[in-house]
Amino acid sequence: MSFPLLTATAALPAIGAIATAAVPAAQRVAAKWLALLVSLATLVLAAIVLVRFDPGGDRYQLTESHAWIKDFGVRYELGVDGIGVALVALTALLIPFVILAGWHDADPQETGSRRWRPTQGFFGLILAVEAMVIISFEATDVFLFYIFFEAMLIPMYFLIGGFGDRAHEHGNDAAATQRSYAAVKFLLYNLVGGLIMLAAVIGLYVVAGNFSLQEIVQARASGSLHMATNTERWLFLGFFFAFAVKAPLWPLHTWLPNAMGEATAPVAVLITAVVDKVGTFAMLRFCLQLFPEASKWATPVILVLALISIIYGALLAVGQRDIKRLVAYASISHFGFIILGIFAMTSQGQSGATLYMVNHGISTAALMLVAGFLISRRGSRLIADYGGVQKVAPVLAGTFLIGGLATLSLPGLAPFVSEFLVLVGVFERYPAVGIVATFGIVLAALYTLVLYQRTMTGPVKAEVAEMPDLRVRELLVVAPLIALLIFLGVYPKPVTDIVNPAVQQTMSDVHKTDPKPEVEAAK
């Protein structure tokens, strides 16, 4: 037997989570270093997966398949295509930065009735989330995917509810109440979506007789498996609803601003840059492949919802007074672009959407983590409490600016390429939709530049006059992310070469081809 590389990539952080949580209470620093080393080792394994993946080879590679629950046709099946391998690499890349950025977020402190924070539990939960997200990107058995799609909610619930933003605590119980509300809202929204998906998963088994994605897709392609039109549509809606909650897509998005606002900055990054990507990834892997006709049937409504997400999220970001909630609403707008690209049903749109998932993860991580460093210094999330920061902390202000410019998709930074591809793909098939979506870019420039102006420029406020610049640990977090934003903005080919073959295969699954350009023949 060959070495089970995909299993190892997910199992290592799972084992590391248990080991980190088991570190003696007095050994907080040892727990931090253990978590960091495990995340770096996972990154090495993910890099090996990336290197061994052949974009020109089979659709699913490094596959593993073992009987699990034979009576119900459930198998332990793993495999990665170009889209999955890119997101596994993104997840493994971001977790070490999340751990470094949150190095002191769970240190014991006197905070009213909360006398200590379980440091070991904090870092153990982060590793647990990493393990569950990675195996979700690898699973090709629908039931196996569903288990981890739901299981990741538990560690995220405790990370949001148990480790809130210290800048918002102020030693009173109101902050704890807000954290609890945000955590419960996150859990309930996603559990409802998951329960509806469970009904659809059971329905899929009744129709197909197994849970293997590859077998079901092949059976449908060969004609040996036929789904009635109404059955396929109901099953599609069950899957899509759960993924739209996770994504998050308007109007199922309202849990995200609460969760990101009350969580620490590293946990906020974990939510929007890592966990939420499972929703958009699953739309590509499961909705389009399992239910191609229903996907085309639902496309007009989904495009409208995506457009609303783009404009609505951007408009609310413009009016925000809270830095973290502004980033949350900006992310809702960006996820609208991703879903727009997926359901444009063009190769440019879907390649752009996949690239957008990667680039949004990096750019949001850069912006949110720098914002977290800023908030920890001032002790406030309110934009009005800042001013003139660039004069006292120029490196912090400079990295904040680059993260913001990436968020508005400035040419030369990574998100520009993905947003451009999405819009090109949308214009090819739905020009009116593309025109409306373009207004989201204008609004992104507005909320980003206004945020920078109000926090970083102008007279130096007394409360920030002694603010220190970025420290070495913080630079180690931010500098690689900034470098990646610039590199992928100038040279996105390494990612597009990996994802494009998978996108072409997905287009084939839904029986779609790119529209031919309407060019008048030369006389």
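The heavy-atom pair separating L443 from V318 by the smallest distance is O-CG2, 4.1 Å. The shortest heavy-atom contact between E130 and A92 is OE2-CA, 3.7 Å. Nearest heavy-atom pair across E419 and S409 is OE1-OG, 3.1 Å. Between G352 and S418, the shortest heavy-atom contact is O-CB, 3.5 Å. Contact between M456 and L374 at its shortest, heavy atoms only, is CE-CD2, 3.8 Å. In this structure, F97 and P480 approach most closely via the heavy-atom pair CZ-CB, 3.6 Å.
Counting heavy atoms from C-beta outward, T42 and I95 have side chains that stay 4.5 Å or more apart. Side-chain atoms of I135 and F145, non-hydrogen and from C-beta on, never get closer than 4.5 Å to each other. Side-chain atoms of M132 and F149, non-hydrogen and from C-beta on, never get closer than 4.5 Å to each other. At a threshold of 4.5 Å between non-hydrogen side-chain atoms, the residues F400 and V389 do not count as touching. Residues L315 and I311 meet the side-chain proximity criterion, which asks for heavy atoms closer than 4.5 Å. Contact check for L153 versus E150: side-chain heavy atoms found under the 4.5 Å cut-off. The shortest side-chain heavy-atom distance between L421 and Y356 does not fall under the 4.5 Å cut-off. You'll find the side chain of Y386 reaches within 4.5 Å of the side chain of I375, heavy atoms only.
The line from CD1 of I362 to CG of L484 is 5.0 Å long, rounded to the nearest 0.5 Å. Interatomic distance, I323 CD1 to M260 CE, rounded to the nearest 0.5 Å: 12.5 Å. Considering CG of L410 and CG of L485, their distance stands at 11.0 Å, rounded to 0.5 Å. To the nearest 0.5 Å, the span separating CG on L367 from CG on L401 amounts to 10.5 Å. For the atom pair CZ (F158) and CD1 (I154), the distance works out to 7.0 Å, reported to the nearest 0.5 Å. Note that OG of S39 and CG of L93 are 10.5 Å apart. Values are rounded to the nearest 0.5 Å.
Using modelled atom types, no side-chain atom of S309 and backbone atom of G336 make a donor-acceptor pair closer than 3.5 Å. A donor-acceptor pair is defined here as one N or O able to donate and one able to accept, closer than 3.5 Å; such a pair exists between the side chain of Q350 and the backbone of I342. Using a distance-only test at 3.5 Å, with no hydrogens or angles considered, no donor-acceptor pair links the side chain of T264 to the main chain of D105. With S333 contributing its side chain and Y329 its backbone, the two residues share no donor-acceptor pair below 3.5 Å. Within the 3.5 Å criterion, the main-chain N or O of Q120 finds no donor-acceptor partner in the side chain of K32. R429 contributes a side-chain N or O that, together with a main-chain N or O of A344, makes up a donor-acceptor pair within less than 3.5 Å. Put simply, the side chain of Q61 gets close to the backbone of D58: a donor and an acceptor are under 3.5 Å apart. Side-chain N or O atoms of T364 include none that pairs as donor or acceptor with a backbone N or O of G361 at under 3.5 Å. T448 contributes no side-chain N or O that, together with a main-chain N or O of A445, makes up a donor-acceptor pair within less than 3.5 Å. At least one donor-acceptor pair under 3.5 Å links the side chain of Q320 to the backbone N or O of L316.
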Enumerate, atom names and distances included, each donor-acceptor pair closer than 3.5 Å involving a side-chain atom of residues 79-91, sequence neighbours excluded.
unit_1, atom_1, unit_2, atom_2, d
D81, OD1, I83, N, 3.3
D81, OD1, G84, N, 2.8
D81, OD1, R285, NH2, 3.3
T91, OG1, L87, O, 2.9

With a cut-off of 3.5 Å and sequence neighbours excluded, list every side-chain donor-acceptor pair involving residues 266-278.
unit_1, atom_1, unit_2, atom_2, d
T272, OG1, S331, OG, 3.3
K277, NZ, T272, O, 2.9
K277, NZ, H360, ND1, 2.8

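Exactly one of F239, F240, F241 qualifies for a side-chain contact (heavy atoms from CB on, under 4.5 Å) with M197. That residue is F239.
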Audit row: Y447, T407, side chain to side chain donor-acceptor pair (under 3.5 Å) steps and yes/no: CA-CA 10 Å; Y447 63 67; T407 298; over 6 Å; no

Criterion side-chain contact (heavy atoms from CB on, under 4.5 Å) on L252 and K246, from CA distance to verdict: CA-CA 9 Å; L252 306 171; K246 186 86 78 178; over 6 Å; no

Walk me through it: do I126 and F163 pass the test side-chain contact (heavy atoms from CB on, under 4.5 Å)? CA-CA 12 Å; I126 290 174; F163 301 91; over 6 Å; no

Let me see the working for H334 and I338 under side-chain contact (heavy atoms from CB on, under 4.5 Å), right down to the final yes or no. CA-CA 7 Å; H334 295 150; I338 294 172; 5.6 Å; no

For a side-chain contact (heavy atoms from CB on, under 4.5 Å) check, start with the C-alpha distance between F335 and I310, then their side-chain angles and the critical distance, and finish with the verdict. CA-CA 8 Å; F335 274 102; I310 292 170; over 6 Å; no

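In terms of the side chain to side chain donor-acceptor pair (under 3.5 Å) criterion, residue partners of R377 (sequence neighbours excluded) are, by chain and number, E474. Looking at residues two or more places apart in sequence or on another chain, you find no side chain to side chain donor-acceptor pair (under 3.5 Å) involving Y146. Y60 is linked by a side chain to side chain donor-acceptor pair (under 3.5 Å) to Q289, counting only residues two or more places apart in sequence or in another chain. Every residue two or more places apart in sequence or in another chain that forms a side chain to side chain donor-acceptor pair (under 3.5 Å) with D497 is listed here: K493.
In the displayed structure, R473 atom CZ is contacted under 6.0 Å by more than 12 heavy atoms of other residues, nucleotides or ligands. Crowding of W103 atom CH2: a count of heavy atoms from other residues, nucleotides or ligands under 6.0 Å exceeding 12. Within 6.0 Å of CZ on R454 lie no more than 12 heavy atoms contributed by other residues, nucleotides or ligands.
Ring-centre distance between H253 and Y312: below the 6.0 Å cut-off. Taking the six-membered ring wherever Trp is involved, the centroid distance between the rings of Y157 and F186 does not fall below 6.0 Å.
The aromatic rings of F243 and F286 sit tilted, their planes meeting at an angle between 30° and 60°.
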